[in-house]
Amino acid sequence: MTPLSSAMPALAPDTAPLCDPVTLEIIRGAIMATQREMEALIERTAISAFIREKKDFYTALFDERGVMAVGSMVPIFGDLTSPVFEHFPRETMKPGDLYWYNDCYGSKGAVTHSNDQVLLAPVFHGDRLCAFVMSWAHFADIGGLHPGSISPDATSIYQEGIIIPPTKLVDEGVVNDTALAIFHRNSRFPAQSEGDMSALMASVKLGVTRVAEVVARHGADVVSDALAQLLDRTRTLVRRRLAETFDYGTYKFSDQIDSDGHGNGPFSLRFAITREKGANGEDRFIFDATESDDQAPGPVNLIMNKGVPGMALGLYFLGGDPSQVVNAGGPLAIDEVRLREGSIVQPRFPAPLGMRGLTMMRMLAVLNGLVNRGKGGAPAAHSAYVVTIMRGTFGKETGMPKPFLLADGIGVGYGARDFADGIDAVYFVAQENYPVEFLEGGYPIRLRQYGVVPDSGGSGRFRGGTGIIREYEILADEALLAIRIDGVKNPPWGYGGGMSGGGGSIVVNPDTPEERQIPPLSDGTALKKGDILRIRTGGGGGMGHPYDRPAERVLEDVRGGFVTAEAAKAFYGVVIADDQLDAAATARLRADRPATKPFHRKTYIDELA
């Protein structure tokens with residue numbers, strides 16, 4: 001069991017706040033603009049595709065105590081500053097310092113796989129420490145077992161690349177070039193590593209400058225009070241929404257990931273949230289994941305930082321409200337987080353973590369289920385975004401073959417909401433699918449097909465989002481393929497009468513005598529020039545009875561390629577012939593309304609096992 005969150009509580013507001021409401025909004029806007037400017041710098045100057053095109057990077061601002069005051073709309077942040085403070089106390093920091101780490105276990109899951117590099121810098125006004133700024137990004141290759149560093153083959157974090165403990169990278173403006181040289185020497189693509197690190201360092205330098213300007217303009221005390229108010233505002237809102245969602249008592253939900261890539265699984269995540277009265281008469285909210293399954297031999301383990309459940313629930317309750325700020329107010333709204341060492345969400349060192357994205361995405365689906373166990377409103381389940389990694393050579397005919405590394409993250413369907421369809425073909429939050437032109441211009445492949453997968457979104461009054469089909473022709477001389485797909489055996493659940501989303505698949509040379517079905521979490525599949533690789537990603541679960549979806553909406557789905565005419569008839573009770581709605585036949589079919597149950601995973605069920 002973990003102790004209470006180590007994040008410091010928000011500063012108690014004075015009876016007369018130093019920062020008035022108008023100035024608060026000015027400061028909030030200035031800081032959010034700073035964050036966006038930092039992210040724009042990373043996007044425009046990074047070298048590797050996963051940062052520049054995929055946009056797998058984040059920035060955040062922290063108050064003078066290291067509590068996140070403004071973060072990205074990404075629900076995986078934990079306590080990012082404490083790992084640095086444990087080695088470098090705040091009172092020892094100087095202007096011009098910069099700190100760096102990627103140590104997943106040493107940071108207690110602040111970062112969750114080793115490819116993610118974190119840079120943190122203090123902001124000073126004169127001699128006063130006023131704030132911190134942070135940038136992090138996914139680096140393409142940091143050593144390890146295979147190019148790309150993450151692999152389903154891994155059985156130890158030592159096989160997933162170099163581990164950087166909290167390190168002072170810049171000491172009062174003087175860069176530790178030796179540490180950087182060691183890091184870049186461990187990459188198979190050092191030029192990318194050097195370029196990406198330069199972009200990240202420049203982003204943090206820009207953030208320090210901009211935040212210092214805000215402090216100079218408004219005063220350190222006023223900015224400190226503004227950040228405290230933003231934290232308290234988020235915490236208060238999240239606690240109010242928790243109380244509105246959960247009556248007193250304990251609510252439980254569980255779900256499963258299929259496999260760890262080593263023949264083990266499924267692995268269950270079992271979460272509970274309890275609302276109770278504390279000794280002081282105030283509500284207490286307790287999050288408990290101790291009943292989750294034991295850690296996996298393969299790399300699907302997730303170190304759940306104690307701040308993550310509150311951050312994820314906070315993101316949901318904020319609901320994209322532009323007047324609110326994603327910050328540590330979410331984690332501070334949870335009074336206690338209980339985790340069990342040795343579980344799949346709190347593994348023991350040195351368990352591998354590289355494919356933890358599968359577990360992270362299922363974690364978010366379980367949190368949706370917990371909300372729906374209360375008074376509801378959360379989406380149905382989503383698929384886990386797919387990652388395919390091709391490593392090989394091209395240009396053999398020139399006598400000087402060159403290596404290449406393509407890590408292509410592919411979007412999936414998200415769960416339907418109780419007011420709208422699920423989102424189609426999204427990778428993760430603000431991240432993007434690679435454009436066709438970029439792929440074909442930069443890698444030895446040709447994209448033969450790219451579109452949505454019909455019928456992959458779960459049927460419902462509101463349809464689940466659809467997955468993606470990508471079909472590659474291999475132009476490289478040779479390549480080895482790693483693939484990460486989940487939700488094949490346990491597809492995303494539908495809710496409230498909605499049906500489950502479709503699972504993904506991967507096939508080499510489809511519809512030919514050489515057709516091969518590839519295991520959905522595997523590495524080492526050999527590809528040669530001329531091979532065809534077809535990947536289909538999963539969809540999201542539906543919500544509400546499919547027969548309640550207006551027939552005209554179903555017709556639009558069929559015409560748009562999201563639903564086939566056969567599925568329209570079988571699941572929605574809508575008859576479409578020659579691309580036209582047969583209203584009379586639809587009425588007859590819908591008169592016999594099938595019974596449903598609360599959940600659907602291949603069939604209707606009362607509870608997810």
Side-chain angles (χ1 to χ4, degrees), residues 35-36 38-60 71-78 80 100-102 104 107 109-120 134-142 144 147-151 160-161 164 187 189 192-204 299 302 308 311-312 315 326 353-361 364 382-390 405-412 414 425-435 438-439 442-443 468 470 482-484 537:
Q35 182 187 19
R36 295 188 182 106
M38 292 169 65
E39 292 180 345
L41 189 153
I42 296 172
E43 179 181 350
R44 293 171 183 172
T45 60
I47 301 299
S48 65
F50 226 73
I51 301 176
R52 190 180 73 250
E53 297 291 335
K54 180 61 65 181
K55 300 176 177 47
D56 194 353
F57 58 82
Y58 313 108
T59 63
S72 295
M73 287 285 185
V74 179
I76 54 174
F77 280 123
L80 288 158
W100 168 34
Y101 70 89
N102 76 341
C104 303
S107 69
V111 287
T112 51
H113 69 182
S114 300
N115 290 73
D116 292 337
Q117 310 301 311
V118 177
L119 298 186
L120 180 75
M134 181 278 300
S135 293
W136 84 355
H138 176 107
F139 279 43
D141 184 272
I142 58 166
S149 305
I150 58 176
S151 167
E160 296 175 340
I164 307 296
S187 175
F189 299 88
Q192 288 190 19
S193 179
E194 292 168 6
D196 291 345
M197 185 60 77
S198 294
L200 219 58
M201 292 173 71
S203 170
V204 173
L302 169 70
V308 165
M311 187 66 75
L315 183 71
V326 175
L353 309 170
M355 296 288 162
R356 92 295 186 232
L358 299 182
T359 309
M360 181 187 71
M361 293 299 286
L364 297 175
H382 47 263
S383 284
Y385 54 88
V386 170
V387 173
T388 177
I389 303 174
M390 294 186 216
L405 169 65
L406 169 58
D408 189 4
I410 311 176
V412 295
Y414 279 69
V426 170
Y427 181 72
F428 183 57
V429 191
Q431 297 168 3
E432 300 178 2
N433 302 302
Y434 288 153
F438 168 75
L439 283 171
Y443 299 94
I468 287 177
R470 275 204 198 268
I483 185 71
R484 188 190 81 186
T537 72

Student: Less than 4.5 Å apart, any side-chain heavy atom of Val326 and any of Met311?
Tutor: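 In short, these two side chains touch, coming nearer than 4.5 Å.
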Student: Would you give the length of the straight line joining atom CG of Leu80 to atom CG of Leu119, rounded to the nearest 0.5 angstrom?
Tutor: 11.5 Å
Student: Contact between Thr112 and Met360 at the side-chain level, heavy atoms closer than 4.5 Å - yes or no?
Tutor: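 A side-chain contact is absent here, since even the closest heavy-atom pair is not under 4.5 Å.
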Student: By side-chain hydrogen bond (donor to acceptor under 3.5 Å, both in side chains), which residues pair with Ser203, not counting sequence neighbours?
Tutor: Ser135
Student: Whether the side chain of Thr537 engages the backbone of Gly411 through a donor-acceptor N/O pair (distance < 3.5 Å, no angle test) should be reported.
Tutor: yes
Student: Is there a side-chain contact between Met197 and Trp100 in this structure, where contact means two heavy atoms from C-beta onward sitting under 4.5 Å apart?
Tutor: yes
Student: Can you sort out the partners of Ser193 under side-chain hydrogen bond (donor to acceptor under 3.5 Å, both in side chains), two or more places apart, ordered by chain and number?
Tutor: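 Testing Ser193 for side-chain hydrogen bond (donor to acceptor under 3.5 Å, both in side chains), a comparison that skips the adjacent residues, returns His184.
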Student: Go through the structure and list residues passing side-chain contact (heavy atoms from CB on, under 4.5 Å) with Ser149, not counting sequence neighbours.
Tutor: Asn115, Asp141, Ile142
Student: Identify, with sequence neighbours excluded, every residue that meets side-chain contact (heavy atoms from CB on, under 4.5 Å) alongside Val387.
Tutor: Tyr385, Ile389, Tyr427, Arg484
Student: For a 4.5 angstrom cut-off between non-hydrogen side-chain atoms, does Leu406 reach Tyr434?
Tutor: yes
Student: Can you give the donor-acceptor pairs under 3.5 Å from side chains of residues 41-51 to other protein atoms, not counting sequence neighbours?
Tutor:
| unit_1 | atom_1 | unit_2 | atom_2 | d |
| --- | --- | --- | --- | --- |
| Glu43 | OE2 | Lys55 | NZ | 3.2 |
| Thr45 | OG1 | Leu41 | O | 2.6 |
| Ser48 | OG | Asp196 | OD2 | 2.5 |

Student: Nearest heavy-atom pair of Leu364 and Ala312: which atoms, and what distance?
Tutor: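 Minimum heavy-atom contact is CD2-CB, 3.8 Å.
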Student: Who pairs with Asn433 by side-chain hydrogen bond (donor to acceptor under 3.5 Å, both in side chains), at least two apart in sequence or on another chain?
Tutor: none
Student: From Ile150 CD1 over to His113 NE2, what is the distance, rounded to the nearest 0.5 angstrom?
Tutor: 5.5 Å
Student: So do Arg470 and Asp408 actually touch side chain to side chain, heavy atoms under 4.5 Å?
Tutor: yes
Student: Is there a side-chain contact between Ser114 and Cys104 (heavy atoms, below 4.5 Å)?
Tutor: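 They are in contact (side-chain heavy atoms under 4.5 Å apart), so the answer is yes.
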Student: Could you list the residues that satisfy side-chain contact (heavy atoms from CB on, under 4.5 Å) with Glu39, not counting sequence neighbours?
Tutor: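 Applying side-chain contact (heavy atoms from CB on, under 4.5 Å) to Glu39 gives Gln35, Phe57, Thr59, Ser72.
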Student: Drop me the distance from Trp136's CH2 to Leu120's CG, to the nearest 0.5 angstrom.
Tutor: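 Answer for the CH2-CG pair, Trp136 versus Leu120, is 12.5 Å.
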Student: Closest heavy-atom contact between Leu200 and Ala137?
Tutor: CD1-CB, 3.8 Å
Student: Please determine whether side-chain contact (heavy atoms from CB on, under 4.5 Å) holds for the pair Val412 and His382, giving the CA-CA distance in whole Å, both sets of side-chain angles, and the decisive distance to 0.1 Å.
Tutor: CA-CA 8 Å; Val412 295; His382 47 263; 5.7 Å; no
Student: Could you measure the distance from the CG atom of Leu358 to the CG atom of Leu302? Nearest 0.5 Å is fine.
Tutor: 10.5 Å
Student: Would you say the side chain of Pro435 lies within less than 4.5 Å of the side chain of Glu53, judging by non-hydrogen atoms?
Tutor: yes
Student: Among residues at least two apart in sequence or on other chains, which ones pass ring pair (Phe, Tyr, Trp, His ring centres under 6.0 Å) with Tyr101?
Tutor: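 By the ring pair (Phe, Tyr, Trp, His ring centres under 6.0 Å) rule, Tyr101 matches no residue at all.
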